[in-house]
Amino acid sequence: MAGHGADEHPHGADRLCEAGDRVYSRAVRRGRVPRRDAEPVPCLLELALLHPDPDDMDWLVPTSPQEVMTRLLRGMHDEVSASQRRVGSAVAAVEWYAGLGRQVRPAGPGAEGPAIRVLDGLARIQAAMDEATQACTTEVLTVQPGGIRREAELSEGLHRALALRGRGVRMRDLYTHVARHGQGLLTYLELMGDAVEARTLDEVIDRLILFDRTVAFIPANSDRTMALELRHPALVAYLVTVFDRLWRLAIPLTAPLPDTGIEGISHREQSIAALLAEGHQDAVIAERLGISVRTCRAHIARLSETLGAASRTQLGVRIAQAGLDGPQHATTSVSVPGRESRTAR
């Protein structure tokens, strides 16, 4: 294997090189490959996609595709969770610094404005957003939590969106999966055409709007009557990175949600099960997924019925037994406790 270092294969299991793809695919089809076939592709051993056959060390056997898919999904779940924790810490720090910065003024008439500005009241927020919209020339990134978007909310910013589209500005919007069921959002996207691309996740961070990667707006209180306008390059760059990572993990609005692989359990119920396993209360789960508490409890009731749980305590045990307490499942055969084995669709 000399002369084939890892530097020649700078990739992960999510994007194999062409040679690695050929060898791994052949190993899956045949059950094993000669060790010499893998010499040009050390990446397969480094990524644990191939490993020695214990019965004959001159051969290599593949890790099952189902195991590889589960490993990739677990990594994405961990990355999203870590990003959300970092954003929460950053927002708390920003609020603290904003309190200190209220008394800081520009050095003179020609000095730049403050890197962090507190906007108190909806009128000031709207004025600042209009100003940023007028100055925007290339790109707008937004995160819109809270489930189905009300038509009033969409109409509120429609004039800004149309002005941006008219100047050729591209827009990327992140929503929760629940937003897919809102007719107002579908109408809005149809009206905007190719100017807007939308994707969804199980849950997203709090509201975020970024213009041209130079100015960002985030809520400064729970009822969103106050906002922070951020122009500090490091803070804005950090928020852009968070958005880009969430965007990469999100599912295009035009694509269907992935099958859970477990008969009788929807994608949303799988997300609820994972949050229940983390110990969250119904109200917290509902807020994070953008649904009502009543809807959340209806899904929990269906989960209990499907998994054969007679109490919340037993439901927690059943969730763990079914493997629903971790990242989203790859499509594989799943056995639901208390019921006969079911094959993923």
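Being a predicted model, the structure only gives us computed values, none of them experimental. Residues take their numbers from the sequence shown, with the count starting at 1.
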(message) So V204 and Y175, do their side chains get closer than 4.5 Å, heavy atoms only?
(response) no

(request) Check V196, D173, V169 against V140 for a side chain to side chain contact (heavy atoms under 4.5 Å, CB included) and give me the one that passes. (result) V169

(request) Could you tell me whether the side chain of T200 reaches within less than 4.5 Å of the side chain of R180, counting heavy atoms only? (result) yes

(message) Within the 4.5 Å heavy-atom criterion, are L228 and F217 side-chain neighbours or not?
(response) no

(message) Is it the case that the side chains of T214 and D212 hold a donor-acceptor pair, with the cut-off being a distance below 3.5 Å and no angle test?
(response) no

(request) Return the set of residues passing side-chain contact (heavy atoms from CB on, under 4.5 Å) with D194 (not counting sequence neighbours), or none when no residue passes. (result) R170

(request) Test V215 against L230 for side-chain contact (heavy atoms from CB on, under 4.5 Å), laying out the working first. (result) CA-CA 6 Å; V215 55; L230 309 176; over 6 Å; no

(request) For the residue pair L50 and T63, establish whether any side-chain heavy-atom pair is separated by less than 4.5 Å. (result) no

(message) According to salt bridge (Lys or Arg N to Asp or Glu O under 4.0 Å), who are the partners of R167, at least two apart in sequence or on a separate chain?
(response) none

(message) Please enumerate all residues that pass salt bridge (Lys or Arg N to Asp or Glu O under 4.0 Å) together with R26, with sequence neighbours excluded.
(response) D37

(request) State which residues pass side-chain hydrogen bond (donor to acceptor under 3.5 Å, both in side chains) with D53; sequence neighbours excluded, sorted by chain then number. (result) R32

(request) Kindly state each residue pair satisfying ring pair (Phe, Tyr, Trp, His ring centres under 6.0 Å) with at least one member in residues 228-250, sequence neighbours excluded. (result) F243-W247

(message) Using the salt bridge (Lys or Arg N to Asp or Glu O under 4.0 Å) criterion, which residues pair with E190? Sequence neighbours excluded.
(response) none

(message) Applying salt bridge (Lys or Arg N to Asp or Glu O under 4.0 Å), can you list everything that pairs with R199, at least two apart in sequence or on another chain?
(response) E197

(message) If I compare all heavy atoms of R165 with all of A195, which pair ends up nearest, and what's the gap?
(response) CG-CB, 3.4 Å

(request) Taking all heavy atoms of A161 and all of M192, pick out the closest pair and write down the distance. (result) O-CE, 3.2 Å

(request) Sequence neighbours left out, what passes ring-ring contact (aromatic ring centres under 6.0 Å, His included) with Y24? Give chain and number order. (result) none

(request) Applying side chain to side chain contact (heavy atoms under 4.5 Å, CB included) between C296 and each of I285, L275, L276, report the one that passes. (result) I285

(message) Test your reading of the model: is there a side-chain donor-acceptor pair from Q314 to the backbone of A310, 3.5 Å cut-off?
(response) yes

(message) How close do L210 and A216 get, counting heavy atoms only, and between which atoms?
(response) CD2-CB, 3.3 Å

(message) Please say yes or no: joined through hydrophobic side-chain contacts below 4.5 Å, possibly via intermediate residues, are W59 and V41 part of one cluster?
(response) no

(request) Spell out, yes or no, whether I218 and L235 are grouped together once hydrophobic residues are joined by side-chain heavy atoms under 4.5 Å, including indirect joins. (result) yes

(request) Please tell me if the side chains of L49 and V68 come closer than 4.5 Å, counting only heavy atoms from C-beta onward. (result) yes

(message) Can you list everything that forms a side-chain hydrogen bond (donor to acceptor under 3.5 Å, both in side chains) with R245? Sequence neighbours excluded, please.
(response) none

(request) Might you work through the side-chain contact (heavy atoms from CB on, under 4.5 Å) test for T142 and L174, ending with a clear yes or no? (result) CA-CA 6 Å; T142 75; L174 273 174; over 6 Å; no

(request) Please determine if R35 and E39 form a salt bridge, counting it only when a charged side-chain N lies under 4.0 Å from a carboxylate O. (result) no

(request) Supply the atom-to-atom distance Y188 OH to L162 CG, rounded to the nearest 0.5 angstrom. (result) 8.0 Å

(message) I'd like to check D206 versus L208 (side-chain heavy atoms, cut-off strictly below 4.5 Å). Are they in contact?
(response) no

(message) Going by the rule ring-ring contact (aromatic ring centres under 6.0 Å, His included), which residues pair with H299 if we only count those two or more places apart in sequence or in a different chain?
(response) none

(request) Flag yes if M69 and V61 sit in one hydrophobic cluster, no otherwise; membership is Ile, Leu, Val, Met, Phe, Trp, Tyr, and two members link when side-chain heavy atoms are under 4.5 Å apart. (result) no

(request) In sequence, state the C-alpha distance, the side-chain angles, and the governing distance for L45 and L60, and then conclude on side-chain contact (heavy atoms from CB on, under 4.5 Å). (result) CA-CA 9 Å; L45 286 167; L60 299 172; 4.1 Å; yes

(request) Would you name the heavy atoms of L189 and L253 that are closest together and state the gap between them? (result) CD1-CD2, 3.0 Å

(request) Please answer whether the main-chain N or O of L201 pairs with a side-chain N or O of T176 as donor and acceptor at a distance below 3.5 Å. (result) no

(message) Whether the side chain of D282 engages the backbone of V293 through a donor-acceptor N/O pair (distance < 3.5 Å, no angle test) should be reported.
(response) no

(request) Could you list all the salt bridge (Lys or Arg N to Asp or Glu O under 4.0 Å) pairs where at least one residue sits in residues 121-148, not counting sequence neighbours? (result) D130-R160, E139-R172, E139-R213

(request) State yes or no: do I205 and V284 share one hydrophobic cluster built from I, L, V, M, F, W and Y residues joined by side-chain heavy-atom distances below 4.5 Å, directly or via other members? (result) no

(message) Under a 3.5 Å distance rule, please check whether T225 uses its side chain to pair with a backbone N or O of N221 as donor and acceptor.
(response) no

(message) Can you give me the closest heavy-atom contact between P219 and R207, atom names plus distance?
(response) CD-O, 3.1 Å

(message) Looking at every non-hydrogen atom in both residues, tell me the closest pair between R224 and P145 and how far apart they are.
(response) NH2-CG, 3.3 Å

(request) Would you please test I300 and I272 for side-chain contact (heavy atoms from CB on, under 4.5 Å) and show each step? (result) CA-CA 7 Å; I300 293 173; I272 290 172; 3.7 Å; yes

(message) Rounded to the nearest 0.5 Å, what separates atom CD1 in I116 from atom CD in E229?
(response) 11.0 Å

(request) Nearest 0.5 Å please: distance from the CG atom of L191 over to the CG atom of L186. (result) 12.5 Å

(message) To the nearest 0.5 Å, what is the distance between CG on L246 and CZ on R248?
(response) 9.5 Å

(request) Report the hydrophobic cluster partners of L257, with the cluster defined as I, L, V, M, F, W, Y residues connected by side-chain heavy atoms closer than 4.5 angstrom, directly or transitively. (result) I251

(message) Within the structure provided, determine whether I209 and M129 are in side-chain contact (heavy-atom separation under 4.5 Å).
(response) yes

(request) Using a 4.5 Å cut-off on heavy atoms from C-beta on, say whether the side chain of L119 contacts that of M226. (result) no

(message) Please report the interatomic distance CG(L16) to OG(S25), rounded to the nearest 0.5 Å.
(response) 8.0 Å

